[in-house]
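Here's the structure, in structure tokens; my notes come after.
Computation of the quantities below employed the complete heavy-atom set of this structure, encompassing side-chain atoms and omitting hydrogens, waters and symmetry-equivalent molecules. Both ligands and their constituent atoms are indexed starting at 1 by order of listing.
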Amino acid sequence: MKADGGRLFVCPTPIGNLGDVTARVLEALRQADGVLAEDTRVTRKLLTRYAIETPLERFDEHVAARRTPELVQRLLGGARLALVSEAGTPGISDPGSMLISAALDAGARVEVLPGPSAVVTALVASGLPTHAFYFGGFLPRKAGERSRLLAGLATLDATLIFYESPHRTAASLAALAEAFPARDGAMARELTKLHEEVVRGPLPELAAELADRESLKGEVVLLVGPPGESAPPRARERAAEVREAVEARIAGGLSRTAAVKAVARELGLPRNEVYEIAHTDG
Ligand code: SAM
């Protein structure tokens, strides 16, 4: 088993449907000396289903920093360890990246097996443009931090993707609609599961629809289409005027943020539309 040296197998696991585990992942789990699991109960179910008897070890965010040096030593000593998170790909909004980079830094072999992740599944299921995408993990909970982040992303020519918990979905969609009122979006829920649902449409409509729902259950991904053709029509028609006014304010000593705010007020345009125009070359 250890003849050709230690190795860390990074093993994606299903995000819902237990059938979505690859033959290579099962083989790695079977052949490993140990399985490092974020949630041993969840992983035990998977192993039981496939009659895999490899011992499980706890590896969650609480022990990751403490256990990483010891695990790297074991890899260097010839151990074969399989890393799994609760669901999807380890390291993607889940523990794993610290161990992976420590193992690479120490010269241990790391083999990443491709497999399920909610980010790519949601992107493709949303029907939104896929030429470029930005994955933001979970949106910041604090409103100020969240709007700063969204303002910074306003001109990115990419579909934006965020993970979200069901009870914060309506509030986050409202924030996304406020920041990007002229864009299309999508809410993907319970992907690969019985109650899978993808709701698409202009963000303000999406936010209104979700606000009306009693309660939302399950796991959720929120997506925002790129500026592209859905760029704000009102401000776009006046793009040259907007840009000129913002630049004049900046030349007069205002910060870019203050200039955008002042011009939006003066021209009676939404601030985020002015922001998008001001950050795009004319
Ligand atoms: N490592 C995982 C991956 O590769 O997708 C992500 C783990 S993160 C802790 C959990 C979040 O992923 C959920 O809150 C939800 O936003 C998203 N997610 C996971 N499974 C999902 C599913 N079946 N449908 C929709 N979103 C899902």
Go through F162 and F135 one step at a time and tell me if the ring pair (Phe, Tyr, Trp, His ring centres under 6.0 Å) criterion holds.
-> CA-CA 6 Å; F162 301 100; F135 172 56; 8.2 Å; no
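Listed by number with element, the atoms of ligand 1 under 4.0 Å from a non-hydrogen atom of E164 are 14 (O), 16 (O). Under a 4.0 Å criterion applied to the non-hydrogen atoms of E190, ligand 1 contributes the atoms 23 (N), 24 (N), 25 (C). Near T89, meaning under 4.0 Å from any of its heavy atoms, are these atoms of ligand 1: 1 (N), 3 (C), 4 (O). Below 4.0 Å from some heavy atom of V221 lie the following atoms of ligand 1, by number and element: 25 (C), 26 (N). The atoms of ligand 1 that sit less than 4.0 Å from any heavy atom of A87 are 1 (N), 2 (C). Those atoms of ligand 1 with a heavy atom of S93 less than 4.0 angstrom away are 7 (C), 8 (S), 9 (C). Interface atoms of ligand 1 facing K193, defined by a heavy-atom separation under 4.0 Å, are 23 (N).
Contact between H195 and R189 at its shortest, heavy atoms only, is O-NH2, 3.9 Å.
At the top of the distance list for atom 4 (O) of ligand 1, counting protein heavy atoms only, stands S117 OG, 2.7 Å. Considering only non-hydrogen protein atoms, atom 25 (C) of ligand 1 sits nearest to E219 O, 3.2 Å. Scanning the protein heavy atoms around atom 18 (N) of ligand 1, the nearest turns out to be A118 CB, 3.4 Å. In terms of protein heavy atoms, atom 22 (C) of ligand 1 is closest to L191 N, 3.6 Å.
Neither the backbone nor the side chain of P12 has a heavy atom within less than 4.0 Å of ligand 1. Contacts with ligand 1 closer than 4.0 Å are made by side-chain heavy atoms of D94 only, the backbone lying farther away. With a 4.0 Å heavy-atom cut-off, ligand 1 is reached by no atom of T192.
Residue F162 places every heavy atom at 4.0 Å or more from ligand 1. Not close to ligand 1: S165, with no non-hydrogen atom less than 4.0 angstrom away.
Distance check, rounded to the nearest 0.5 Å: CZ of R249 to CZ of R256 gives 13.5 Å. In this structure, OG1 in T54 is found 7.0 Å from CG in L29, a value given to the nearest 0.5 Å.
Here R24 does not pair with E27 in a salt bridge; the nearest charged N to carboxylate O distance is not below 4.0 Å. Note on K193 versus E196: no salt bridge recorded, every NZ/NE/NH1/NH2 to OD/OE distance being 4.0 Å or above. A salt bridge between R74 and E70 is present, with a side-chain N of the basic residue lying under 4.0 Å from a carboxylate O of the acidic one. Ionic pairing of E209 and R200 is not present here: no N-O contact between side-chain nitrogen and carboxylate oxygen is shorter than 4.0 angstrom. A salt bridge does not link E53 to R30: none of the charged nitrogens lies less than 4.0 Å from a carboxylate oxygen. Salt-bridge annotation for E276 and R183: present, with a side-chain N of the basic residue lying under 4.0 Å from a carboxylate O of the acidic one.
Side-chain contact check for N17 and T192: no donor-acceptor pair (N or O, by modelled atom type) lies under 3.5 Å. No hydrogens or angles considered: nothing links the side chains of E164 and T169 as a donor-acceptor pair under 3.5 Å.
The N/O atoms of V220, backbone and side chain alike, include one that comes under 3.5 Å of an N/O atom in ligand 1. Distances between N or O atoms of F138 and those of ligand 1 include no value under 3.5 Å. Between A188 and ligand 1, no pair of N/O atoms sits closer than 3.5 Å. Any N or O atom pair closer than 3.5 Å counts here, and V119 shares no such pair with ligand 1.
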